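One structure is given here, and the rest of the page talks about it.
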Amino acid sequence: MRVVTWNVNSLNARLARVLEWLEANAPDVALLQETKLREAAFPTEAFAALGYEGAHVGQGQWNGVAVLSRVGIADVERGLSDGEARLVGATCGGLRVYSCYVPNGRALDDPHYAYKLRWLDELSDRLARRDRSGPLLVAGDFNVAPADLDVWDPAALAGLTHVSEPERAALERLEATGLVDVVRALHPDEPCFTWWDYRGGAFHRGWGMRIDLVYVDADHATAVRAAYVDRDARKGVKPSDHAPVVVDLDL
DNA sequence: ATGTCCCAACTTTTGGGA
């Protein structure tokens, strides 16, 4: 089974590129973030034409998460207690998946930063109580770089969000529910950046971060055959500022 | 590091968010 997670930064602006990518890479399940669409505006027919069913939690201008699947969608789970469109879960071909869009945090002294930490802890609490009878994959834009290897220059980011100790500790609590960061597990020494700012020529300068993560439950992490970032998708005309992260599993 | 992109709006330019 092939699963991809991708923060598309507006599904409206990115639809042609997303469809092209789906056709070329043929994932069984696609987890999208930042659709920025009302639920009524979700392009159900365009995805159906490629064989995908969708489950979308949208709120319009901001946020928005979706699951696309060509192996079935059941037991859709919508959101956390904050009411924002940042989490959707579903069971696709026997695999339980979650598409996550963690709050950005903005700055360490911003109320949005405390909200980010609370949101991650609520996600951890939810996953700690999960049904462990089948395989689980939790992925999305976590807006946290787990370690210094995951950023181009730790010194340049000191004092900013995405790299602070409390954010990293919140990710560690999530992992402690029994999850494995499979890109890092398969590539222990490569940065594997997933996001580059649109500004300042960041992509070409290599100023990136690994903030889009794929977690698989520890019992099934050994079923992962490949886990990689498609950085070519960050190139070309009207790219998202995030690249897709692909995982192939032999469940 | 902030040279961009995307959205909404009493839209033709600005402000908010990332």
Side-chain angles (χ1 to χ4, degrees), chain A residues 5-21 31-43 46 56-66 79 82-87 99-120 123 139-146 148-164 166-167 170-171 191 193-213 229-245:
Chain A
T5 182
W6 195 3
N7 179 324
V8 297
N9 185 17
S10 169
L11 192 48
N12 188 47
R14 215 71 56 212
L15 185 60
R17 286 203 59 150
V18 170
L19 294 173
E20 174 188 38
W21 194 93
L31 308 175
L32 308 181
Q33 299 88 38
E34 283 207 88
T35 63
K36 299 186 179 180
L37 291 179
R38 307 182 325 277
E39 295 198 356
F42 192 71
H56 176 228
V57 175
Q59 67 180 72
Q61 182 178 2
W62 288 305
N63 311 319
V65 286
D82 58 329
E84 296 203 351
R86 295 182 178 276
L87 183 74
S99 176
C100 308
Y101 178 47
V102 176
N104 174 284
R106 297 177 189 170
L108 301 192
D109 59 355
D110 191 299
H112 204 260
Y113 176 80
Y115 165 51
K116 176 183 196 173
L117 296 179
R118 289 195 306 273
W119 197 96
L120 279 167
L123 178 63
D141 177 1
F142 284 81
N143 273 316
V144 180
D148 282 353
L149 179 60
D150 300 308
V151 302
W152 84 99
D153 182 359
L157 296 168
L160 301 180
T161 184
H162 293 53
V163 296
S164 71
E167 291 165 276
L171 274 195
F193 296 154
T194 67
W195 171 86
W196 299 261
D197 201 308
Y198 284 123
R199 296 168 292 186
F203 182 67
H204 294 287
R205 292 175 190 241
W207 293 348
M209 304 177 72
R210 190 175 74 96
I211 56 176
D212 298 87
L213 308 174
V229 179
D230 180 11
R231 70 189 300 286
D232 286 347
R234 178 63 178 76
K235 303 173 182 174
V237 179
K238 277 185 62 138
S240 171
D241 47 353
H242 295 253
V245 184

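None of these values were measured; they are calculated from a predicted model. Just so we're on the same page: letters track the sequence lines, and every chain starts at 1.
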Could you walk me through whether A:Trp6 and A:Trp21 pass ring-ring contact (aromatic ring centres under 6.0 Å, His included), step by step? CA-CA 11 Å; A:Trp6 195 3; A:Trp21 194 93; 5.8 Å; yes
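A:Asn104 comes within 4.0 angstrom of sugar-phosphate atoms only, judged by non-hydrogen atoms across all strands, and of no base. Residue-level contact check: A:Tyr101 touches the backbone only, with heavy atoms under 4.0 Å from sugar-phosphate atoms and none from bases. When heavy atoms are screened at a 4.0 angstrom cut-off, A:Arg205 is found touching base atoms of the nucleic acid.
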Please list, pair by pair, any protein nitrogen or oxygen found under 3.5 Å from a nitrogen or oxygen in nucleotides 9-16 of chain B.
none

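The nearest pair of heavy atoms linking A:Val18 to A:Val8 is CG2-CG1, 3.6 Å. The two residues A:Glu167 and A:Leu108 come nearest to each other via the heavy atoms OE1-CD2, 4.2 Å.
Under the side chain to side chain contact (heavy atoms under 4.5 Å, CB included) rule, A:Pro103 has a single partner from A:Glu84, A:Arg118, A:Arg86, which is A:Arg86.
As rounded to whole Å, 13 Å separates atom P of B:dA8 from atom CD of A:Glu34. With rounding to whole Å, A:Glu84 atom CD is found 11 Å from B:dG17 atom P. Between A:Phe203 atom CZ and B:dC5 atom C1' the separation is 16 Å, expressed in whole Å. One interatomic measurement links the two molecules: CD of A:Gln59 to P of B:dA8, which rounds to 12 Å at whole-angstrom precision. Here the C1' atom of nucleotide B:dC5 and the CG atom of A:Leu11 are 16 Å apart, to the nearest Å. Between A:Arg38 atom CZ and B:dC7 atom C1' there is a gap of 13 Å when expressed in whole angstrom units. A:Lys238 places its NZ atom 12 Å from the C1' atom of B:dC7, with the value rounded to the nearest Å. Atom pair A:Gln33:CD and B:dG17:C1' shows a separation of 17 Å (rounding to whole Å applied).
Judged by distance alone, the side chain of A:Ser99 and the main-chain N or O of A:Leu32 form a donor-acceptor pair under 3.5 Å. A:Asp148 places no side-chain N or O within donor-acceptor distance of the main-chain N or O of A:Pro154, the cut-off being under 3.5 Å. A:Arg231 places no side-chain N or O within donor-acceptor distance of the main-chain N or O of A:Thr194, the cut-off being under 3.5 Å. A:Lys116 places a side-chain N or O within donor-acceptor distance of the main-chain N or O of A:Asn104, the cut-off being under 3.5 Å. Side-chain N or O atoms of A:His112 include one that pairs as donor or acceptor with a backbone N or O of A:Gly105 at under 3.5 Å.
Atom P of B:dT2 sits at a distance of 22 Å from the matching atom of B:dT14, rounded to the whole Å. Comparing the P positions of B:dA1 and B:dC6 gives an interatomic distance of 25 Å, to the nearest angstrom. Between B:dC7 and B:dT12, the distance separating the two C1' atoms is 16 Å to the nearest Å. Rounded to a whole angstrom, the distance from the C1' atom of B:dT11 to that of B:dG16 is 16 Å. Taking the P atoms as reference points, B:dC10 lies 26 Å from B:dC5, given to the whole Å.
The stretch residues 149-161 of chain A touches DNA chain B through A:Leu157, A:Leu160, each having a heavy atom within less than 4.0 Å of the strand.
Ranked by how close their nearest DNA chain B nucleotide is to the 5' end, A:Pro103 and A:Gly60 are led by A:Gly60. Sequence order on DNA chain B of the closest nucleotides to A:Arg14 and A:Asp197 puts A:Asp197 first from the 5' end.
Taking the six-membered ring for Trp and thresholds of 30 and 60 degrees, A:His56 and A:Phe42 have nearly parallel ring planes, at less than 30 degrees apart.
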